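Everything below concerns the one structure shown next.
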Amino acid sequence: DAKTTQPNSMESNEEEPVHLPCNHSTISGTDYIHWYRQLPSQGPEYVIHGLTSNVNNRMASLAIAEDRKSSTLILHRATLRDAAVYYCILRGNNAGNMLTFGGGTRLMVKP
Amino acid sequence: GAGVSQSPSNKVTEKGKDVELRCDPISGHTALYWYRQSLGQGLEFLIYFQGNSAPDKSGLPSDRFSAERTGGSVSTLTIQRTQQEDSAVYLCASSPRGLGYGYTFGSGTRLTVV
């Protein structure tokens, strides 16, 4: 499976934008880029996904590099509730199309 | 229901006992996945069901673990002769078939083996 690389942790101030990077230099043409987050003591929560074009939804935006070897999850205004571990995962044509979770980025939001 | 439902939310069992964990996926989702997460660790894939196909059991850590999915809907994860290292949060997720869909996770079952 293609792997992703994320910083272990990041800090942000409340009400400021947050850009969470992810490198996936070995991505294949059919891999979708998925982002999930896990709040403390909860199961993971789907955030957003994309293939080639940038994507926006009510939670976040996903900016995908033209060569698709990296992507950035953008939280437009961080709140204390956004403090979580954010996982960038490639979902491809492996058996079961399953998601393989790495270590993610722990986002800390300061008031 | 609107989401993935797991029961029980918490389970404390004695070492050596068998336990059953239940997952009700979102109606119409053909794919169902079980993961577990030990304290402070990442998610570990256990088993995957897709429609009526044979499940992918490649993540099950030992033959004490088994799972079934009845009627393409509800799934039960069974752990026989529980050990202390089985203590973890067991998470279930469901998804429509295809790469262009996200997973919806349940809140998990916290299993403690004493």
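Note that the structure is predicted; figures quoted are calculated from it, not measured. Letters A, B, ... are given to chains in the order of the sequence lines, protein chains preceding strands, and every chain is numbered from 1.
- Connection of B/Tyr48 to A/Tyr87 is established within a shared hydrophobic cluster, with ILVMFWY side chains joined at heavy-atom distances below 4.5 Å, either directly or through further cluster members.
- Other residues, nucleotides and ligands contribute only 12 or fewer heavy atoms inside 6.0 Å of the CG atom of B/Asn52.
- For a residue to count as touching a neighbouring chain, one of its non-hydrogen atoms must lie under 4.5 Å from one of that chain's; by this rule B/Phe49 does not touch chain A.
- Residue A/Arg77 places its CZ atom among 12 or fewer non-hydrogen atoms of other residues, nucleotides or ligands, all under 6.0 Å distant.
- Remark: the backbone N or O of B/Tyr101 is paired with a side-chain donor or acceptor of A/Arg91 at under 3.5 angstrom.
- Crowding of A/Arg106 atom CZ: a count of heavy atoms from other residues, nucleotides or ligands under 6.0 Å not exceeding 12.
- Interface check for chain B: of the options A/Pro44, A/Ser41, A/Gly43, the most heavy-atom pairs under 4.5 Å are formed by A/Pro44.
- Under the 4.5 Å side-chain heavy-atom criterion for grouping Ile, Leu, Val, Met, Phe, Trp and Tyr, A/Leu73 is connected to A/Leu80 within one hydrophobic cluster.
- Scanning residues 74-95 of chain B against chain A with a 4.5 Å heavy-atom cutoff picks out B/Leu91, B/Ser95, ordered by number.
- Remark: A/Tyr46 OH is packed, more than 12 non-hydrogen atoms of other residues, nucleotides or ligands lying under 6.0 Å away.
- When every heavy atom of B/Tyr103 is checked against every heavy atom of A/Leu99, the shortest pair comes out as OH-N, 2.9 Å.
- Each of B/Leu43 and B/Leu111 belongs to its own hydrophobic cluster when Ile, Leu, Val, Met, Phe, Trp and Tyr are linked at side-chain heavy-atom distances under 4.5 angstrom.
- Residues A/Met59 and A/Val109 share a hydrophobic cluster, clusters being chains of Ile/Leu/Val/Met/Phe/Trp/Tyr side chains in contact below 4.5 Å.
- Contact check for B/Gln37 versus A/Phe101: no side-chain heavy atoms found under the 4.5 Å cut-off.
- The most heavy-atom pairs under 4.5 Å with chain A, out of B/Phe45, B/Phe105, B/Tyr35, come from B/Phe105.
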